[in-house]
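Worksheet: one structure, shown below.
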Amino acid sequence: MAIRSNKKNQQRQHRSVYRKVGLVLGGAALSLSAMAADDSVSKDEVSNGASSAKAVAEVPAITVSATRRDESLQAVPVAVSVISGEDLTQANRNSLDTIAAQVPSVTFRQQGGNKDSTIFIRGIGTISTSPGVEPTVSTVIDGVVYARPGMATIDLLNVDHIEILRGPQGTLFGKNATSGVINVVTRKPTDETTGYVDTSWYQGNEVQVRSGISGAIAPGVVRASLDALYSDYGGNVTDVANGRDVNGFGKKGARAKVEITPNADLDITFIADYLKSRSSPTFTAYSTSSSAFAAGISPVVAGPGNRQVNADIPSDVQDINKGFSAQIDWHHNGYTLTSISAVRNWDNTQYTTTSVIGNSADPARITSTYPGTRDIGRVAWQQYSQELRIASPKDQFIDYVAGAYYLHGNDDEVYQRIVTTSSALNSGIANYGTSSESFALFGESNWNFTKSFRGITGLRWTHDDLSYYHARTSTSASAFAGVQPAYSSTGSTSANGYSGRLGLQYDLSPDVTSYVTYSRGYKGPAYNVFFNMVSTDTSALKPETSNSYEIGVKSQLLDKRLTLNAAIFKTDYDNYQANYYDVVAGTTVTRLINAGKVSTQGVELEAVARATSRLSLSQSLSYVDAHIVQFNCPTNAAASCNLNGSTLPFAPHLKSYSRINYAIPLSSGLIVDLTSEYSWQSKQEYDLLQSPYAIQGAYGIVNGSVAVSSPVAGWRLAFIVKNLTNKSYATNLVAATDGSYVTRAVPRDDQRYFGINLRKEF
């Protein structure tokens, strides 16, 4: 009876939320319509001043490659959010994890290092340290899939725009896109010689420098661009053990692109990139009810706003991400044949601690309950991929994109855990890795029944081969804190899977289209290959599948001054691959399992308006109910498995993002831009076990900037404030199973800070 009553209460809460969302959206639409109707400013006036001194009071058209060919954002029957590279630069969002603040359907899990961090879409993402599992959200940069989740947290260079495709995209973007795709498109080299230098300085001595040059090497035939970055930030957490700042980063890298057009029918593109980074991600003590823990971190005092640690050996993560790709596009009689060949290497070394106390040998701080731990992990990943596809002309009864895809990945890792107690020092070390191959055939077509009515059919067949090896040694014949005794094993598996899409699209008018689709996602089999692997982990996990239903409307209203897009979705997952808790000698570890059935459903809305030629507004909102339908309790589970109906972690019900820009043209030719943005989200659970200690309450972040620019001279100077209201929050909370202590991941904008950005183009 209690469970049934709880479900009724949840249903009533959801109905109430839907009503509130409807009122908010309706009010926003009316407000934008009223402002646009009152516009009396000439269309020849200067508008936003960000990139042009001449503008029109309408929302600019956006071209995306969400269907593997360039099409209007408003025409594709896919829920897509788009962020321009210019917006990312001006907002100091230089990596993929930072887009979560700007796209309500996206959340991000911050962990001890980028190797274990994950992007979520619509409340679904892969949480695992195992190399034997694929990401649920696929990241694609210039047509190349980044096969490991940690690779996707790199800084980005020369971005034209980022497309966030929501929901399963398995037909065209690969078998592992069961929740969505982050599709990054970089800028093309220019015919004319151009360049830029973009520098920023922020409080805390954060420095960001980006520069680039582009132009023709052989006019009309060869064009090239070269971009470089450098960044340095000490951090916003103080280590009282040595007085140094931690939780910072340092990065440097470059990206080169060469385009060759030997004739009108052939385009050849070569891309090479290299990024080296170093960071010190740090969790701070958020709360504690344990006197022993409090004594161990002293003089640091646990608290929600704590930005101190007492760790004699701070975390250190070193990362090298590099690759090369070649794309050939041949155009013939309206058809385009495309080949993308790529190789990527990822090397990651992490020196981290699983305890805020660190690895101190001070017996006053070390106890059997809270031992000092030190983890050293090294990853060497290589991948090779080849994609071939053909795109037909668009002016036929049936137009299509079809192709074949191959990916080979090889992972080798070494992981060591050193555990210090008041009486002993023990350690374990494991060598493990995986080898994977994936073959796929795919195709998607539009059936153009009339100019305004189309059918959509798509199918992908995938074959996976996956193998692993694992060997661990230990200084102890029995388990000790967080370390199992010696063990070794090998294994292999293979599977075939199908994904695809069916749908209908109907244009209600030249500026309004609607669609309804069914999509099936597929993510291949997995192995739980990790440091503490034991005999119960040797069986392969079943492939994860998803079935998604979506209804959407995309519209341009009021003479294209208002763009309004909405989507309603429901996606059900079977054999969801997720981490669950286990205990090794009193220390909690995680274990990858087929968790069972989960579901996500909700509503998304995006609105962009040019209220006047000077005033631009954007508003996006998502309501997501991501929850466990049926949880499969693993054998010898360390905690309760009564999780049916529980909310998935990193899945707040409500998120919103608002942005306002007002441009003031001056008689001198300069333009003043006033910009503010507000991101808000409801409370969020960070723990799969629904720990009451790991809940981040609702919060909102206000950012703003004042910029002066000269479009003629090609410079822009901006004064920026982040987190204007000084709101402290957590991007992750990790709670002990008994609640005796909680630690917090501290975001860069955990407190208010100011900065200045200067960009010069030539």
Side-chain angles (χ1 to χ4, degrees), residues 65 70 84-86 88-89 93-96 139-148 151-163 182-200 208-232 250-262 266-278 318-330 338-348 381-387 714 759-762:
S65 55
D70 292 339
S84 71
E86 185 178 14
L88 289 169
T89 300
R93 296 189 178 109
N94 301 309
S95 58
L96 285 180
T139 300
V140 181
I141 301 181
D142 285 331
V144 178
V145 173
Y146 285 45
R148 292 290 303 274
M151 300 171 68
T153 59
I154 63 172
D155 269 32
L156 301 172
L157 263 173
N158 201 27
V159 173
D160 182 81
H161 67 276
I162 298 177
E163 305 167 10
I182 308 294
N183 185 36
V184 180
V185 180
T186 62
R187 293 188 179 97
K188 293 178 174 292
T190 57
D191 290 309
E192 296 183 0
T193 300
T194 62
Y196 70 92
V197 176
D198 192 300
T199 63
S200 301
Q208 301 273 357
V209 180
R210 280 172 160 74
S211 62
I213 188 170
S214 177
I217 297 176
V221 180
V222 182
R223 298 164 300 281
S225 64
L226 176 64
D227 297 86
L229 70 84
Y230 169 83
S231 64
D232 183 75
K251 304 174 184 180
K252 55 185 176 181
R255 183 179 183 85
K257 179 182 282 192
V258 178
E259 287 188 349
I260 304 172
T261 310
L266 187 62
D267 297 305
I268 303 171
T269 303
F270 298 106
I271 301 174
D273 65 276
Y274 176 91
L275 178 68
K276 183 177 182 179
S277 63
R278 192 164 189 168
Q318 303 167 27
D319 194 278
I320 296 177
N321 206 319
K322 58 187 177 181
F324 175 82
S325 67
Q327 178 170 335
I328 301 173
D329 295 293
W330 181 50
T338 299
S339 168
I340 302 177
S341 308
V343 57
R344 294 210 62 81
N345 292 79
W346 179 45
D347 296 299
N348 180 279
W381 167 264
Q382 288 185 323
Q383 67 174 67
Y384 309 91
S385 62
Q386 175 64 53
E387 182 171 2
R759 182 182 179 91
K760 178 66 174 77
E761 298 180 352
F762 55 88

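Note that this is a predicted model, so its numbers are computed, not measured.
- Rounded to the nearest 0.5 angstrom, Phe762 CZ and Ile213 CD1 are separated by 5.5 Å.
- A donor-acceptor contact shorter than 3.5 Å links the side chain of Lys257 to the backbone of Arg187.
- Formation of a donor-acceptor pair under 3.5 Å by the Glu259 side chain with backbone atoms of Pro189 is not found in this model.
- Put simply, the side chain of Gln383 never gets that close to the backbone of Arg148: no donor and acceptor are under 3.5 Å apart.
- Between the side chain of Ser200 and the backbone N or O of Gln208 there is no donor-acceptor pair closer than 3.5 Å.
- Put simply, the residue from Thr190, Asp191, Thr193, Asn158 that forms a side chain to side chain donor-acceptor pair (under 3.5 Å) with Ser214 is Thr190.
- In plain terms, the two heavy atoms of Ala228 and Leu157 that are nearest each other are O-CD2, 3.7 Å.
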Check: What do the steps show when you test Lys188 against Ser225 for side chain to side chain contact (heavy atoms under 4.5 Å, CB included), and what is the final call?
Finding: CA-CA 8 Å; Lys188 293 178 174 292; Ser225 64; over 6 Å; no
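- Residues Val144 and Ser385 approach most closely at CG1-OG, 4.4 Å, considering heavy atoms.
- The structure places CD of Gln382 at 4.5 Å from CG of Asn345, a figure rounded to the nearest 0.5 Å.
- Taking 4.0 Å as the cut-off between side-chain N and carboxylate O, Asp155 and Arg210 count as a salt-bridged pair.
- Heavy-atom minimum distance, Gln386 versus Ser339: NE2-OG, 3.0 Å.
- In the displayed structure, Lys252 atom NZ is contacted under 6.0 Å by at most 12 heavy atoms of other residues, nucleotides or ligands.
- A salt bridge is defined here as a Lys NZ or Arg NE, NH1 or NH2 lying under 4.0 Å from an Asp or Glu carboxylate O, and Arg344 with Asp273 meets this definition.
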